[in-house]
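Report on one structure; see the data block that follows.
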Amino acid sequence: MSFEYRVTGGDFTHAGYASSQVKKMLKQLGVDSIVIKRVVVCLYEAEVNIVAHAWDGIINVELDTDTIFMKLTDNGPGIADIEQAMQKGFSTASPEVREMGFGAGMGLPNISANADRFLISSEPGVGTTLQITINLNSPAV
Amino acid sequence: MKVTDIVEKLNLKVFSGHEGLGAEITGGYASDLLSDVMGHAEAGAVWVTIQTHRNVMAIASLRDLSAVIITCGEKPGDDTMTQSNEEAIPVLGTDLSTFELAGRLHAILR
């Protein structure tokens, strides 16, 4: 099964919609609750990153019996130094976004901690792509 | 312990999500950083925060939290309360600070 969701930059009202839909689907399929938690943490953080930093983006979710693969591609400013962006506490979020409690530099580390496989690539001025894979049948990372 | 029990014991205001007052509380988490809650709160926890916008409810729903307590006399936004009602996750309030409220909550949940 595959699903596609569109995300609009700056639209915090709908942030988390894709995560919520995917969570419902995994619950219906009877996926282990620890696995669902890990999927939700990864997808929500990645979704909010598009809302907070990019202009727009697309989330592709591919689901089979063993794995869930989530690819998030955005049009946006990109990340100049990925190693720096991966560090806990580093963030380029605006003051407005930080006031909401986002932009604490915890998103990418959260994804990294909960994914079985996590790839990130970016081109400054063009956009960022995240590829996250989680095994559905093994709760531990 | 149920949400309704802490409402009574801590004299909390119920802003919304009344349908969820019977939910079981398994612990608590105090933080104003959304990713911190996303990454560390356990399902069934009560979340203590001064954040009031609707993304709070997205986190509470995605992580299966039992309730949200807004401290320092702050009030949730209308869209926060709407989503709280839809998700049946209560949004509660207190005039106490996060420190004071968390201390009292911890004492009764132990």
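Below, chains carry the letters A, B, ... as their sequence lines are ordered, and counting in each starts from 1. All heavy atoms count here, side chains included; hydrogens, waters and symmetry mates do not.
Heavy atoms from other residues, nucleotides or ligands lying under 6.0 Å from CG of B/Asp78 number 12 at most. The local environment of CD in B/Glu24 is crowded, with over 12 non-hydrogen atoms from other residues, nucleotides or ligands closer than 6.0 Å. For B/Phe99, the CZ atom sits in a loose shell: 12 or fewer heavy atoms of surrounding residues, nucleotides or ligands are nearer than 6.0 Å. By the neighbour-count criterion of 12 heavy atoms within 6.0 Å, atom CD of A/Glu4 is densely surrounded, having more than that number from other residues, nucleotides or ligands. For NE2 of B/His18, the number of neighbouring non-hydrogen atoms (other residues, nucleotides, ligands) closer than 6.0 Å is greater than 12.
Put simply, of A/Glu99, A/Lys24, A/Glu45, the one with the most heavy-atom pairs under 4.5 Å next to chain B is A/Glu45.
Scanning residues 25-54 of chain B against chain A with a 4.5 Å heavy-atom cutoff picks out B/Asp32, B/Leu33, B/Leu34, B/Ser35, B/Asp36, B/Met38, B/Gly39, B/His40, B/Gln51, B/His53, B/Arg54, ordered by number.
Shown here are the ring pair (Phe, Tyr, Trp, His ring centres under 6.0 Å) partners of A/Phe12, two or more places apart in sequence or in another chain: A/Phe102.
Note that the NZ atom of A/Lys23 and the CG atom of B/Leu62 stand 6.0 Å from one another [nearest 0.5 Å]. The distance from atom OG of A/Ser20 to atom CD of B/Glu87, rounded to the nearest 0.5 Å, is 6.0 Å.
A/Val48 and A/Val97 fall within a single hydrophobic cluster, where Ile, Leu, Val, Met, Phe, Trp and Tyr side chains are chained together by heavy-atom contacts under 4.5 Å. Put simply, B/Met81 and B/Val68 are part of the same group of oily side chains (I, L, V, M, F, W, Y) that touch within less than 4.5 Å, one to the next.
For a residue to count as touching a neighbouring chain, one of its non-hydrogen atoms must lie under 4.5 Å from one of that chain's; by this rule A/Lys27 touches chain B with the side chain only. The parts of A/Thr13 that come within reach of chain B are both its backbone and its side chain, each placing non-hydrogen atoms under 4.5 angstrom from that chain.
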